[in-house]
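All chains are named by letter (A, B, ...) in the order of the sequence lines, taking the proteins before the strands, and each is independently numbered beginning at 1. Computed from a predicted structure; not experimentally measured.
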Protein chains: 2
Amino acid sequence: MSDLTTGASSAETVARQARTAFEHSSQLLSSSSSADATRSSALLSIRTALESNKARIVEANKLDMEAALVLVEQGKLSSSLAARLDLFSKAGKWESLLAGVSDVAALPSPLDHVQWAKRLADETATQGAVDLYRITCPIGVLLCIFEARPEVVVNIASLAIKSGNAAILKGGKESKHTAAVLSGIIAEALEVAGLPKGLIQTVETREDIQSLLHLEEFIDLVIPRGSNELVKAIQREARMPVMGHADGLCIGYVHSDAELEMVKGTVVDSKTDYPAACNALETLLVHESLLGKADFWPPLAQTLLEAGIELRLDEASLSALPQKLTSRFEEKVKRAQPQDFHTEFLDLTLAIASIASLDAAIKHITTHSSGHTDLILTSTHTPNPAAERFVKSINSANVFVNVSTRFADGFRFGLGTEVGISTGKTHARGPVGLDGLVIYKYVAKSVGGGKGAQTAGEFNKGRKWAHREIEAVYPEL
Amino acid sequence: MSDLTTGASSAETVARQARTAFEHSSQLLSSSSSADATRSSALLSIRTALESNKARIVEANKLDMEAALVLVEQGKLSSSLAARLDLFSKAGKWESLLAGVSDVAALPSPLDHVQWAKRLADETATQGAVDLYRITCPIGVLLCIFEARPEVVVNIASLAIKSGNAAILKGGKESKHTAAVLSGIIAEALEVAGLPKGLIQTVETREDIQSLLHLEEFIDLVIPRGSNELVKAIQREARMPVMGHADGLCIGYVHSDAELEMVKGTVVDSKTDYPAACNALETLLVHESLLGKADFWPPLAQTLLEAGIELRLDEASLSALPQKLTSRFEEKVKRAQPQDFHTEFLDLTLAIASIASLDAAIKHITTHSSGHTDLILTSTHTPNPAAERFVKSINSANVFVNVSTRFADGFRFGLGTEVGISTGKTHARGPVGLDGLVIYKYVAKSVGGGKGAQTAGEFNKGRKWAHREIEAVYPEL
């Protein structure tokens, strides 16, 4: 457990230790042909250490829970948030925390992949060839800021270790005891496994974060997980890249040729499977030609209402519903306000608007979507020009055709795990897996023993560039 | 030519127009099976427009040159900087500007590449399969800030158009007339070619930039090209990602087993081929065992001195040189100060230090390098554990083995063109080609006509994930 938890100078110490630990670990593992095996076995040691130190963790978690219950009584913390602090009461939570560590250990390494390789120049009478490799490598030092849930410490630490990075973690203040104990156990286990313990550290105060966000010489990437406000505040302050894990205002559009049953099933799932998730549907646009169809719009609305969804309807979609239906669901049928189409409800509420055309839907989405996940519901027959136009025109991270927005998730995408979901436009987007925690370096080498210097100058004197693709395998060095 | 050149509100107008133009162009080209052909033919129209408007450009360039000459006389501008403004006096410069546009047009499109594709779930009795594609797409709106050279306007505009992005350009104030005319001609030609003219705009003042750096809702990426100070100032201010094109402090290390002739040739090329470039060598570390070899270090130093390089030598490397040599090159042989190992000389000066081991060299580079390009000179025979350890331990963008640092360049890497060289740790690194101006989106679709809804909920009721790689070709929509 670090005792360096306050003030700018201690934040700098933490950052410097993280940088040193990162560099040290790169060197430690450089001669090993099985760096990934070392990292994975360190993760398994961490799992074992967590298991054997369960009593310490239970105790720290109790401290956090007790403090949280006081806050709940004072009305300063919601009881649902307090419940999320609890690592042990809910069956399976502790076991799934442990399983997460070994699952990450078992993932394929994201490092040392040759993304492509190229012969830059062929051999000459006096020189070897020159080959270039683009090879994945760690980013360096990550600063991960998240709210309440203490298990995120273990999750992020596992991902950082597997991807060869160092991480500085800052959880919510409500979980500080648990987070500190978890991180301390991880650091100890790293040391026993022969890796620098500075690879995983925690800080506790906002002042620390404030200082760290200005230490771009030590920290390479900030990953905030939490509310939109948290992410925006960090983006304003940080001098290094931020991989924003913002919330999502996801929009679906029902095209004129969509089949009713498919629309019903997809919209209900998108809205109700987990309404508080960032990939839940918040707005549904319905092509106006469908509103007049008695066998489409009223039964669709009825299905949504029966699923417990409150509808915020614009004028056209509301007036197209039969009186009988609106009366029956009086409390769930509301007239939409303009603000409803800018709102992430995160509960069983759905804003609905009539829309004149595919292009109008594209325009609405481009204006209102948060760029997370947007969906077209249309005929499943190909070729489908509407689907094609939608996919090419919408610049969101996830653009879906006849698939529930709830599929936008690292596990469902088969990424093995999820660092978070990014709505940014650079580096990594959408569900971010382990490969969002790596970058690449270029390695160029002269090939063939006993040959002369490889100079740029010679290409002005007649040597030719080859620029020919070669097999993308790790170079023989 | 935009008349919106001052103040926060006009900057916002420019940013908003850029965003609208970007979205508009995505939609315009969404139905085209040959979006790249449209973009490339717009580039060829731009080339033609530049040629036929040469007189206007000559005139504007004269205005800038006249103003620059006044500044040179007042001692406020270096004459070399003034000379870089001139588009027409130096033979071939104008022609190469034009050729650059058609060269970019001829490059393969970086867009609509399927990076990978996966079957998420197989077909069931009632449902089609679900497939996922990761497809490259434009980033959005780029803000490109660069110094003096007006031809960069044309270069960046070409790259932005080819990659489907919009760009707001801000050149040095010394080239403002030329930049405005070039950008105006490009915008007109875009409009004639049927693309939104707002795709390429210029702003002129620092206040504009100040405002634009806070407009993260419109601008997705900032690309500064210029001095370290410029890049750092922008990183501090920007609320969106910055792809930094900083300068380079490149370091070479001569391992104990390197061959003299290869070392001579590589170091002379790395230092002298273009000393002002960011990929020129600035520091050479020599393994201490080589200093005592009369047939290695003195002849190497002599070769460097004969090539016109001033050497800043540490105690050990200086005292290992024969008096005869140091006297002969008295003016070029200096004792190194500590600061010399933190200095990017950008001229024919090289700092030299003796180093005790490969690990000490790695430590020196990790501490002093700017992360641009670092080099080991060692035996060219494989396996070479020193080369392997160096490549794995050094986390710079370019890590070279027996290849001149001058190879670190987009053209030499065969990237077709170069947006710049990034020393950042996310998104794109090293020489950045067109693929540094794109990102990806995830497209998921239900496969097979007339089938039911694709819901996440079903996977809790027994449907199985497939997560199987499928052919990475653009989906049939």
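Scored by the ring-ring contact (aromatic ring centres under 6.0 Å, His included) test, B:Phe413 finds A:Tyr442 as partners (sequence neighbours excluded). Listed by chain and number, the residues in a salt bridge (Lys or Arg N to Asp or Glu O under 4.0 Å) with B:Glu261 are B:Lys264 (sequence neighbours excluded).
Taking 4.5 Å as the limit, every side-chain heavy atom of B:Thr455 sits out of range of all side-chain heavy atoms of A:Val268. Considering only heavy atoms from C-beta on, B:Leu415 comes within 4.5 Å of A:Lys118 through its side chain. Residues A:Ser404 and B:Glu458 are not in side-chain contact: their nearest non-hydrogen atoms beyond the backbone lie 4.5 Å or more apart. Side-chain atoms of A:Leu132 and B:Arg412, non-hydrogen and from C-beta on, never get closer than 4.5 Å to each other.
Using a 4.5 Å cut-off between heavy atoms, B:Phe390 makes no contact with chain A at all. If you measure heavy-atom distances from B:Pro241 to chain A, the contacts under 4.5 Å come from the side chain alone. At a 4.5 Å heavy-atom cutoff, the contact between B:Ser396 and chain A is made by backbone atoms alone. When heavy atoms are compared at a cutoff of 4.5 Å, B:Ala121 does not approach chain A at all. Only the side chain of B:Val130 has a heavy atom closer than 4.5 Å to any heavy atom of chain A. Only the side chain of B:Arg19 comes within contact range of chain A, with heavy atoms under 4.5 Å apart. Looking at B:Ile394, only its backbone comes within 4.5 Å of chain A, counting heavy atoms on both sides. Using a 4.5 Å cut-off between heavy atoms, B:Ile139 contacts chain A through both its backbone and its side chain. Both the backbone and the side chain of B:Pro431 come within contact range of chain A, judged by heavy atoms closer than 4.5 Å. The contact between B:Phe411 and chain A is made by backbone and side chain atoms together, counting heavy-atom distances below 4.5 Å. Within the 4.5 angstrom heavy-atom criterion, atoms from both the backbone and the side chain of B:Glu476 approach chain A. Of the two parts of B:His427, the backbone and the side chain both hold a non-hydrogen atom closer than 4.5 Å to a non-hydrogen atom of chain A. There is no contact between B:Lys363 and chain A, counting heavy-atom distances below 4.5 Å.
The candidate from A:Ala456, A:Gly457, A:Gly414 with the greatest count of non-hydrogen atom pairs under 4.5 Å with chain B is A:Ala456. Looking only at heavy-atom pairs under 4.5 Å with chain A, the residue among B:Asp359, B:Thr266, B:Thr380, B:Asp409 that has the most is B:Thr380. Ranked by heavy-atom pairs under 4.5 Å with chain B, the first of A:Ala387, A:Ala397, A:Gly265 is A:Ala397.
B:Gln454 approaches A:Phe407 most closely through the heavy-atom pair O-CE1, 3.4 Å.
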For this session: Could you give me the CA-CA distance, side-chain angles and deciding distance for A:Lys445 and B:Asn384, then say whether side chain to side chain contact (heavy atoms under 4.5 Å, CB included) is met?
Result: CA-CA 12 Å; A:Lys445 64 166 287 200; B:Asn384 182 335; over 6 Å; no
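Of the possible donor and acceptor atoms, none in the side chain of B:Arg239 sits under 3.5 Å from a partner among the backbone N and O of A:Gln235. In this structure a side-chain-to-backbone donor-acceptor pair under 3.5 Å is present from B:Lys441 to A:Val391.
A salt bridge links B:Arg134 with A:Asp435: the distance from a Lys NZ or Arg NE/NH1/NH2 to an Asp or Glu carboxylate oxygen falls below 4.0 Å.
Defined by atom type and a distance below 3.5 Å, a donor-acceptor pair is missing between the side-chain atoms of A:Thr366 and B:Glu23.
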